[in-house]
Colleague: 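First the structure, then my questions, so here it is.
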Amino acid sequence: MKQKTVLMTGVAGFIGFHTAKKLLDENYKVIGVDSLNDYYDPLIKKKRLSLLKHKNFIFHKLDFTNLKKINTTLKGYTFSKIIHLGAQAGVRYSIENPFVYEQTNFLGTLNLLEFAKAKKIDQFILASTSSVYGKNEKRPFEESDVTDSAISTYAATKKACEILTHTYSHLFGINVTVLRFFTVYGPWGRPDMALFKFTKNILLGKQIDVYNNGDMQRSFTYIDDIVSGILGAVKKVEKYEIYNLGGGETVKLMNFISLIETYLDKKAKIKFLKMQAGDVKETVASTKKASRYLHYKANTDIQTGVQKFVQWFMENKSWLLVLKDGKQ
């Protein structure tokens with residue numbers, strides 16, 4: 001059987017690293033690109049990459065906001081799929097630095113679609129976010145819901161990318177799968193995310209900032225479940241479809257913090273704050289569509305997932321505790 005080759009952006013990122021590792025395990029060839037920017041500490045990105053050493057893995061440091069560099073760097077490769085996980089993340093940072101998001105998320109996606117068009121790529125998988133649901137008051141969030149009420153620049157750029165991929169699918173016949181991720185967590189996670197920051201600060205005896213006085217809840221999704229959803233999408237080529245990939249339960253933030261305290265055996269020093277701009281009180285994922293068509297199932301409960309993260313953190317705390325969290 002002919003080996004399948006994929007191009008993956010954001011390969012040194014949290015989700016990209018885990019996805020690439022799984023694809024390599026399943027005998028795919030992965031051409032991975034990443035700019036290795038300093039939004040959060042590049043050290044963890046380099047350590048992730050060091051674990052991807054494999055005969056079927058090729059890495060290029062590449063900024064995909066530059067179409068000329070994309071064409072020059074990747075012109076010699078043949079692949080049928082692009083898994084576009086690379087993006088500028090972060091809600092608060094997007095409000096303060098909107099042009100970074102316009103460049104990385106929108107222009108970067110446009111460049112990759114132009115590249116896909118020229119290379120006649122069979123499938124384009126776009127990483128999107130639950131943030132596109134914005135002020136949507138219906139629960140749970142379903143893919144058919146109207147998503148015109150984004151409340152952060154980050155969400156707005158990701159929604160724009162969803163529309164852009166639809167346009168290229170319609171005009172040029174590129175098969176597109178959009179995956180809306182819901183609060184992904186787990187080992188090798190981003191230092192700017194709540195689980196990482198809470199664990200780090202509790203261990204250091206520092207206070208943790210808890211927004212909306214703790215009255216928030218999320219469809220936390222363990223990384224292995226997200227990866228299974230991505231692989232389901234890789235194996236199902238469709239003209240244009242959107243899927244939610246979320247956790248199997250909605251967890252209250254204070255319960256989430258209690259689990260971290262339990263597995264660290266240490267109490268948190270909590271500073272309660274008002275809701276931050278651009279954030280939402282609650283995300284609840286409907287995954288019926290992904291379950292039906294991608295055979296997706298969130299198998300990891302929140303207790304197991306947090307325990308695995310804390311165990312990983314404690315095993316690596318000598319260098320994790322000194323990482324820079326990220327630009328807020």
Side-chain angles (χ1 to χ4, degrees), residues 3-67 69-90 103-105 107-109 111-113 115-116 119 121 123-129 158 161 165 177-179 181 184-193 223-235 245 323 326:
Q3 186 180 46
K4 295 178 181 178
T5 303
V6 302
L7 171 68
M8 182 187 296
T9 67
V11 74
F14 171 36
I15 298 173
F17 158 69
H18 282 279
T19 306
K21 196 169 184 299
K22 183 66 174 176
L23 285 168
L24 291 167
D25 288 345
E26 296 204 0
N27 201 36
Y28 284 80
K29 183 175 181 179
V30 178
I31 302 162
V33 301
D34 201 295
S35 69
L36 300 178
N37 71 28
D38 64 352
Y39 169 69
Y40 62 81
D41 202 320
L43 175 61
I44 192 170
K45 299 179 184 182
K46 293 173 183 176
K47 284 185 175 288
R48 291 176 188 137
L49 281 177
S50 72
L51 297 175
L52 288 176
K53 288 183 179 176
H54 192 285
K55 65 179 181 178
N56 292 327
F57 179 66
I58 299 170
F59 174 72
H60 291 283
K61 184 178 179 182
L62 176 66
D63 182 350
F64 53 71
T65 65
N66 187 319
L67 181 56
K69 286 185 178 179
I70 292 174
N71 288 326
T72 301
T73 304
L74 302 175
K75 66 179 180 181
Y77 296 109
T78 300
F79 41 84
S80 60
K81 300 172 186 289
I82 295 177
I83 306 174
H84 181 30
L85 302 177
Q88 179 59 60
Q103 284 283 311
T104 304
N105 296 354
L107 178 60
T109 300
N111 285 343
L112 287 161
L113 285 166
F115 179 71
K119 294 275 279 188
I121 297 300
Q123 185 186 28
F124 191 100
I125 296 174
L126 173 71
S128 190
T129 170
K158 294 301 264 184
C161 291
T165 54
T177 306
V178 175
L179 303 175
F181 300 149
V184 189
Y185 74 101
W188 295 98
R190 284 172 24 208
D192 63 311
M193 294 291 284
I223 183 61
D224 290 358
D225 295 329
I226 286 290
V227 171
S228 73
I230 295 171
L231 262 69
V234 167
K235 295 169 183 176
L245 297 184
L323 285 181

Colleague: Roughly how far apart are Met8 CE and Ile83 CD1, rounded to 0.5 Å?
Modeller: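 Those atoms lie 4.5 Å apart.
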Colleague: Between Lys4 and Asn27, does any side-chain donor sit less than 3.5 Å from a side-chain acceptor?
Modeller: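 No, no side-chain donor-acceptor contact under 3.5 Å.
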Colleague: Can you tell if the side chain of Val11 reaches within under 4.5 Å of the side chain of Phe17, non-hydrogen atoms only?
Modeller: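 Side-chain contact under 4.5 Å: no.
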Colleague: Write down the atom of Lys158, the atom of Ala87, and the distance for their closest heavy-atom approach.
Modeller: NZ-CB, 3.6 Å
Colleague: Do Lys45 and Leu43 come close enough that some side-chain heavy atom pair is under 4.5 Å?
Modeller: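 The answer is no, as the side chains (C-beta and beyond) never meet within the 4.5 Å cut-off.
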Colleague: Do the side chains of Lys21 and Glu26 get close enough for a salt bridge, i.e. N-O under 4.0 angstrom?
Modeller: no
Colleague: Using ring centroids (six-membered ring only for Trp), state whether Phe115 and His84 fall under 6.0 Å.
Modeller: no
Colleague: So, taking the atom named CG in Asp41 and the one named NZ in Lys47, what distance separates them when rounded to the nearest 0.5 Å?
Modeller: 10.5 Å
Colleague: Test side chain to side chain donor-acceptor pair (under 3.5 Å) on Tyr28 and Asn56; report intermediate values, then the result.
Modeller: CA-CA 7 Å; Tyr28 284 80; Asn56 292 327; over 6 Å; no
Colleague: Is there side-chain contact between Leu126 and Thr177, with heavy atoms separated by less than 4.5 Å?
Modeller: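 Not touching, per the 4.5 Å side-chain cut-off.
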Colleague: Give, for atom OG1 of Thr78 and atom CD1 of Ile121, the distance between the pair rounded to the nearest 0.5 Å.
Modeller: 8.5 Å
Colleague: Can you tell if the side chain of Asn71 reaches within under 4.5 Å of the side chain of Lys75, non-hydrogen atoms only?
Modeller: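 A side-chain contact is absent here, since even the closest heavy-atom pair is not under 4.5 Å.
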Colleague: Determine, step by step, whether Phe59 and Lys61 satisfy the side-chain contact (heavy atoms from CB on, under 4.5 Å) criterion, reporting the C-alpha distance in whole Å, the side-chain angles of both residues, the deciding distance to 0.1 Å, and the verdict.
Modeller: CA-CA 7 Å; Phe59 174 72; Lys61 184 178 179 182; 4.2 Å; yes
Colleague: Considering non-hydrogen atoms only, spot the tightest contact between Val178 and Ser128 and give its length.
Modeller: CG1-CB, 3.7 Å
Colleague: Above 12 or not: heavy atoms from other molecules or residues under 6.0 Å from NZ of Lys22?
Modeller: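 Open.
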Colleague: So how far is it from Leu107 CG to Asn66 CG, rounded to the nearest 0.5 Å?
Modeller: 9.0 Å
Colleague: Is the distance between the ring centroids of Phe14 and Trp188 less than 6.0 Å?
Modeller: no
Colleague: Heavy atoms only: give me the nearest Cys161-Thr109 pair and the separation to one decimal.
Modeller: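 What the structure gives for the nearest pair is SG-OG1, 3.3 Å.
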Colleague: Distance check, rounded to the nearest 0.5 Å: Asp34 atom CG versus Thr9 atom OG1?
Modeller: 8.0 Å
Colleague: Regarding Lys29 and the six-membered ring of Tyr77, is the cationic atom NZ or CZ under 6.0 Å from the ring centre and inside 45° of its axis?
Modeller: no
Colleague: Are any non-hydrogen side-chain atoms of Leu245 and Asp225 less than 4.5 angstrom apart?
Modeller: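 Not in contact.
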Colleague: When you compare the side chain of Leu74 with that of Leu7, does any pair of heavy atoms fall below 4.5 Å?
Modeller: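 Answer yes - side chains close enough.
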Colleague: Please assess Ile125 against Gln123 for the test side-chain contact (heavy atoms from CB on, under 4.5 Å), listing each intermediate value before the final yes or no.
Modeller: CA-CA 7 Å; Ile125 296 174; Gln123 185 186 28; 3.9 Å; yes
Colleague: Write down the atom of Gly186, the atom of Ile223, and the distance for their closest heavy-atom approach.
Modeller: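 Here Gly186 and Ile223 meet closest at CA-CG2, 4.2 Å.
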Colleague: To check you understand the geometry: which heavy-atom pair defines the closest contact between Ala116 and Ile82, and what is its length?
Modeller: CB-CD1, 3.9 Å
Colleague: Walk me through whether Leu51 and Leu49 qualify under side-chain contact (heavy atoms from CB on, under 4.5 Å).
Modeller: CA-CA 5 Å; Leu51 297 175; Leu49 281 177; over 6 Å; no
Colleague: Which heavy atom of Ser35 sits nearest a heavy atom of Asp63, and at what distance?
Modeller: CB-CA, 4.2 Å
Colleague: Is the closest side-chain heavy-atom distance between Thr165 and Leu113 below 4.5 Å?
Modeller: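 They are in contact (side-chain heavy atoms under 4.5 Å apart), so the answer is yes.
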Colleague: What verdict does the side-chain contact (heavy atoms from CB on, under 4.5 Å) test give for Phe64 and Asn111, after you've listed the backbone C-alpha separation in whole Å, the side-chain angles of each residue and the deciding distance to 0.1 Å?
Modeller: CA-CA 7 Å; Phe64 53 71; Asn111 285 343; 5.7 Å; no
Colleague: First locate atom CD1 of Ile15, then atom CG of Leu85, and finally report the distance between them rounded to the nearest 0.5 Å.
Modeller: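 Taking CD1 in Ile15 and CG in Leu85, the distance rounds to 6.5 Å.
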